[in-house]
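Notes for the one structure printed next.
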Amino acid sequence: KIEEKIQESLLRQLHLTAAPVLAKTEVDNLVIPDHVRTKYISLMKHTSEAPFSREK
Amino acid sequence: RHSQTIAEIMGRFFSDAFNQLLVFSMKDRLPPTKELIQAVLRLFKKPSPQGEIKRHHKMFPFNSYASVTISWVQIRENNTNRTFVIDSRRVSIHETGWITFDVTQAVNYWQQQGEMAKPLVLEVSIHRENISPLFSNAHKLVYFSSQNPADGKLYAPQLELQTLDMKEYGAQGNCNPDIPVTEATRCCRRETYVNLQGLKWAENWILDPPGFKTYDCVGSCQQPKKEHLNFKWPFLSGRQCIATDTASLPLIVAHKEGDKTLTKVVILHNMKVTKCSCTTEGMPVMKKLKP
């Protein structure tokens, strides 16, 4: 159920009708910019329990 | 009145309401182990003098009701007061006896202040049923018993708190991982891990986190006897084990903009369950006290 809820919520926020299909090669070479990473970490700190994370 | 664009409208005082303050000492009445279900204020309406009723009936034969409003009085740190209307009902000058008001919201506001040593202050306001000079003076014939010895202690205003003991009726916190959940399990939060990497649709879309820890609410709740409640709220169902506190889930996702693949932070609100409680569905929604 929670997986469905995440998908629905993501699609709604990104104004998409279906999950995008991205090739592995496109994502493998992707570098997450510092400002995106900083925003993500700061949001994680605000949530009561930080998710298990690892370097990607 | 200084606005250039809005015409000034003059008001006249119509209300000649009669107000009384009731102060209830709440010390040790609602410890953290007790959950408030309903709070009832009982006021004893004294009989109105027959002579006055007859005189009133001659002048206003069709109107014998007054309006009684209960407000919660918040006494702020700077010694200013703020009142919140809690309940209101019509009271006939002919009736005598106990009149009840639902003051659950008032006690809830008092609890939200977090200062248990402070008393609960309620204001009883008796006023005309309709604001118009043509309406009767029935409100002047409604009297409630006070703590005055002349009224008799038995008839003094009463505050009745219906509570549930959380040791019996509340959730138990975390589930015991060694004991399987059955119908008999008392409401608890069960740790679970959502593995986003294992989801086909999330592949190459959700970049971080690979998964996260959350909880789901399982088990059942002990049911109180509804017939003990003074006010029968419609749609009231049983107590259910549901999520009462949640946290947001931030994600880094990949998205396409033209030919480029970029990254973006998305925050999904109320996605992670952090607390489970036994809650009665259909209870009046308690409002949050605003600063």
Side-chain angles (χ1 to χ4, degrees), chain A, chain B residues 173-174 181 189-218 241-277:
Chain A
K1 267 192 173 175
I2 187 160
E3 286 108 4
E4 279 172 29
K5 214 172 137 191
I6 293 169
Q7 192 184 23
E8 274 173 25
S9 187
L10 257 180
L11 292 172
R12 197 168 48 245
Q13 277 206 42
L14 299 170
H15 308 289
L16 299 171
T17 49
V21 181
L22 295 155
K24 193 174 183 304
T25 47
E26 284 179 290
V27 177
D28 277 350
N29 300 325
L30 205 58
V31 176
I32 298 172
D34 281 348
H35 71 275
V36 172
R37 177 70 65 190
T38 310
K39 187 180 173 187
Y40 172 66
I41 289 167
S42 107
L43 285 169
M44 276 214 309
K45 279 180 187 165
H46 278 92
T47 59
S48 58
E49 291 180 46
F52 300 145
S53 194
R54 58 131 181 79
E55 287 297 312
K56 182 129 181 170
Chain B
N174 288 330
V181 176
R189 62 171 203 177
R190 182 172 59 186
E191 196 177 306
T192 178
Y193 184 78
V194 177
N195 182 10
L196 295 171
Q197 278 186 318
L199 301 171
K200 189 79 189 143
W201 59 264
E203 203 176 36
N204 301 326
W205 186 23
I206 299 175
L207 306 181
D208 218 349
F212 62 94
K213 187 178 82 173
T214 183
Y215 299 95
D216 55 357
C217 302
V218 291
C241 183
I242 53 172
T244 48
D245 257 319
T246 54
S248 302
L249 171 68
L251 300 168
I252 300 180
V253 296
H255 71 113
K256 280 247 181 200
E257 265 186 36
D259 294 339
K260 281 186 178 172
T261 306
L262 302 168
T263 57
K264 186 177 185 175
V265 175
V266 175
I267 185 152
L268 307 181
H269 296 287
N270 305 321
M271 203 48 76
K272 293 193 292 178
V273 172
T274 53
K275 191 182 172 191
C276 301
S277 305

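Below, chains carry the letters A, B, ... as their sequence lines are ordered, and counting in each starts from 1. Treat the numbers as computed from the prediction; the structure is a model and nothing was measured.
Interface residue I6(A): backbone and side-chain heavy atoms are both found under 4.5 Å from chain B. Interface remark: L268(B) contributes backbone and side-chain atoms alike to the contact with chain A (heavy atom separation under 4.5 Å). Only the side chain of L196(B) comes within contact range of chain A, with at least one heavy atom under 4.5 Å from a heavy atom of that chain. Heavy atoms of A23(A) lying under 4.5 Å from chain B belong exclusively to its backbone. The parts of L43(A) that come within reach of chain B are both its backbone and its side chain, each placing non-hydrogen atoms under 4.5 angstrom from that chain.
Here M271(B) is the residue among K264(B), E203(B), M271(B) with the most heavy-atom pairs under 4.5 Å with chain A. Your options are Q13(A), K39(A), R12(A), Q7(A), and the one with the most heavy-atom pairs under 4.5 Å with chain B is Q7(A). Interface remark: of the candidates L14(A), D28(A), V31(A), N29(A), L14(A) forms the most heavy-atom pairs closer than 4.5 Å to chain B.
By the 4.5 Å heavy-atom criterion applied to side chains, R37(A) and D208(B) are counted as neighbours.
With sequence neighbours excluded, the residues forming a side-chain contact (heavy atoms from CB on, under 4.5 Å) with T244(B) are K275(B), S277(B), T279(B), listed by chain and number.
Look at E8(A) and K5(A) and you find no salt bridge, because none of the NZ, NE, NH1 or NH2 atoms lies under 4.0 Å from a carboxylate O.
Listed by first and then second residue, the side-chain hydrogen bond (donor to acceptor under 3.5 Å, both in side chains) pairs that reach into residues 253-262 of chain B are E26(A)-K256(B), E26(A)-T261(B), sequence neighbours excluded.
Not one N or O on the side chain of T192(B) forms a donor-acceptor pair closer than 3.5 Å with the backbone of T214(B). Remark: the backbone N or O of V27(A) is not paired with any side-chain donor or acceptor of N204(B) at under 3.5 angstrom.
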